[in-house]
Every structure is written in structure tokens, then in C-alpha cells.
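Written below as C-alpha cells is the structure these notes are about.
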Amino acid sequence: MTHLTFEPRFATANNAEDSQSPLCDQQFLYYSRHLLLPDWPEQHQLQLRQKKVLIVGMGGLGCPAATYVAGAGVGCLLLADGDNVELSNLPRQTLFRQQDLGQNKAQAAAAALQQLNPFIRIEAIPTMLDEAQLSRHIAAVDLIIDCSDNMPTKLIINRLCQQQQRSWLGASASGYQGYSWLINPAAGGCLCCLGHQQPLPPGGCLQQGIYAPLVGLLGLQLASMALQQFSTNAPRYSFVQIYQHQWQQFNRCQLLADPDCVICGATTNV
Ligand SMILES: [Zn+2]
């Protein structure tokens, strides 16, 4: 597996020595609109600089999610995707341009994001992660954002995060149907507790198409949920949000643990 690191052009604070250093003038200006928020003091910005997030999938969900997580100043992003940019991606995969066609998505996204925020560290993982690789990365980050486009990957992430008791966010979309979720193993419940209601419409984007603004909405929602996870008012329960296209809104349902779930059930040894 090849890791490509895009070195920031300006000084960053990604090691222990820098962790306590205040924001430089450029960083203060860069983050100034967030720093004006009443619950976003400089100390919070410095804490975000210490966070590491893994984003699996750099397509229609991953591009907007990564853009706003990077812009907010999360200190280290790991971007994983083995696919290359195709022409049909451009309407909704907003980090890519014509000149990126044929390039690996993780690498192209990392290059674009490093231009967006030179103060953070971004690593591109230009392969489809196998289970062992996923497990290692999950153990090494503070939060996992699943932006993959297939149920098998989501179920592997679900199982690994349950085993490691790690919170994770995810979303899926097809046609006009969209879902997003937060799974907090400590609070109970997992993706498999949904049983036959698992949130990925059959067929996927290749057969059913995809309403481009919907993946944008979901990606931004994932970014906001991720930033909330690093705040003091993070939800302490697991939930699923279902998009209602007719009303342009999301309905949130608390995800209740199924005691017979094969992944997180009370009788299951994980
Ligand atoms: Zn479960």
C-alpha cells in the first residue's frame, strides 16, 4: 500500500512539540469566522488540530465531507479511495476538475484539499483498503467517516468499529433516497441492528442514478456531524437520518440496539 503525504507549504502543528503552540497570524485569519462563534475559542481550534480523521471513499459524499472537515482545521486527514476520476463524477464530486480525469481520487482530492488548507496534514491512500488495513487505520484515528458506495465496505467498517468500540459516521444515497448515521458503540446499536432496513437502496447509483445535490447535502451533514463529535455537545446515542426529498428535510430516528444483533447483540462475543 502506498501512502502519499502532501506536505503543507506553511508551518503546521502536527507533532507533540507544536501541539501547544498558539495559532500563527495566518491561521488566525484563516479560521477567523469560526473563531468568532461563541463556542469556538482558540483552545477549541488547537484541539481540532490534534484530531485525526479517516475518510473512506472520496466520491460524491467524501468530497464535500473532506472539504469542510479540512477547512475547519482538523489536523490530519487520511483519504482512502482506489478509484480514478471519471467524467461522470464531475457534477457532484466537487474537488475534481477536467485535468484530474484518470487520476486516483484520493490523490487528486488530497492535492486539492492541501491547496484549500495548507495548515493541516493530508495523507492519500490510493487503494481499496482490505479488512486488515482498515482495522489498523481505524485504531489510529479519532473518528471514521464512511463515504464508501457499497454495503460490504460499510458492514466491515461497522464490525471493526464495534470490535474497537470506535464511533463512526456514514451515509449512503441512490436516486432520491439518502441516509446518514452516527454509530456510537458505547451507546448501543449498530448498522446491522437495522436488519432488512439497512440504509442502502438496491441497485446503487449505476442502476438507479443519483440526485447530485443529495450527496452534497449528505456530505456536508457528515462534516458537521464530525465537527460536532469533537465538541462538548456531541450526541451520546446512535441514530439514522432519512432524507425526505418531497420536503427537502431529514428525519432523525434513534437507533435502538437489537439484543439479537450478530454484531453488537448482548449475547455476541465480538
Ligand atoms: Zn447491532
Side-chain angles (χ1 to χ4, degrees), residues 51-57 59 61-62 65 69 78 80 128-175 177-205 214-215 217-219 221-231 233-244 250-270:
K51 300 300 183 186
K52 193 170 186 177
V53 170
L54 169 66
I55 301 181
V56 180
L61 297 168
V69 170
L78 270 60
M128 293 299 180
L129 295 175
D130 63 25
E131 186 167 334
Q133 293 166 334
L134 260 177
S135 182
R136 277 200 305 276
H137 286 301
I138 286 172
V141 299
D142 297 292
L143 186 68
I144 300 94
I145 306 179
D146 163 45
C147 295
S148 68
D149 61 357
N150 65 89
M151 206 61 194
T153 298
K154 294 175 189 304
L155 293 177
I156 291 173
I157 292 173
N158 181 64
R159 178 160 48 79
L160 292 173
C161 287
Q162 180 66 32
Q163 288 172 350
Q164 298 188 25
Q165 291 289 289
R166 312 302 299 277
S167 295
W168 65 286
L169 309 171
S172 66
S174 180
Q177 291 181 274
Y179 308 85
S180 59
W181 55 85
L182 163 67
I183 307 293
N184 182 350
C190 80
L191 207 58
C192 284
C193 289
L194 293 169
H196 67 280
Q197 300 173 28
Q198 285 176 5
L200 191 68
C205 300
L214 174 55
V215 287
L217 284 171
L218 289 165
Q221 197 175 54
L222 289 175
S224 185
M225 290 159 66
L227 296 177
Q228 191 180 36
Q229 283 296 299
F230 296 137
S231 74
N233 60 351
R236 304 296 177 203
Y237 57 95
S238 302
F239 60 80
V240 175
Q241 297 172 135
I242 304 165
Y243 176 66
Q244 304 284 339
F250 288 87
N251 291 334
R252 178 179 293 191
C253 311
Q254 185 168 352
L255 203 166
L256 300 176
D258 176 358
D260 296 323
C261 174
V262 296
I263 298 298
C264 74
T267 58
T268 305
N269 293 317
V270 293

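Owing to the predicted nature of the structure, the values given are computational and were not obtained by experimental measurement. One-based numbering, in listed order, for ligands and for the atoms of each.
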**Item:** N/O donor-acceptor pair under 3.5 Å between Arg166 side chain and Ile138 backbone
**Value:**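 Side chain of Arg166 to backbone of Ile138: a pair is present.
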**Message:** Tell me whether Lys154 contacts the main-chain N or O of Ala171 through its side chain, where contact means a donor paired with an acceptor under 3.5 Å.
**Reply:**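 Flag set: sc Lys154 to bb Ala171 pair under 3.5 Å.
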**Message:** Out of the candidates Asn158, Leu160, Thr153, only one should pair with Ile156 under the side chain to side chain contact (heavy atoms under 4.5 Å, CB included) rule; please name it.
**Reply:**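 Single pass found, and it is Leu160.
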**Item:** Heavy-atom check, side chain of Phe230 versus side chain of Asp142, under 4.5 Å
**Value:**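 SC-SC contact between Phe230 and Asp142 confirmed.
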**Message:** For a quick test of reading the model, state the closest non-hydrogen atom pair linking Cys190 to Gln162 and the distance between them.
**Reply:**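 Nearest pair, atom of Cys190 first, then Gln162: CB-OE1, 4.2 Å.
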**Asked** Listing by chain and number, what protein N/O/S atoms are under 2.8 Å from the Zn ion (ligand 1)?
**Response**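 Cys190 SG, Cys193 SG, Cys261 SG, Cys264 SG, with waters left out.
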**Message:** Classify the ring geometry of Phe250 against Tyr243: parallel below 30°, tilted from 30° to 60°, perpendicular beyond 60°.
**Reply:**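 Tilted: the ring planes of Phe250 and Tyr243 meet at 30° to 60°.
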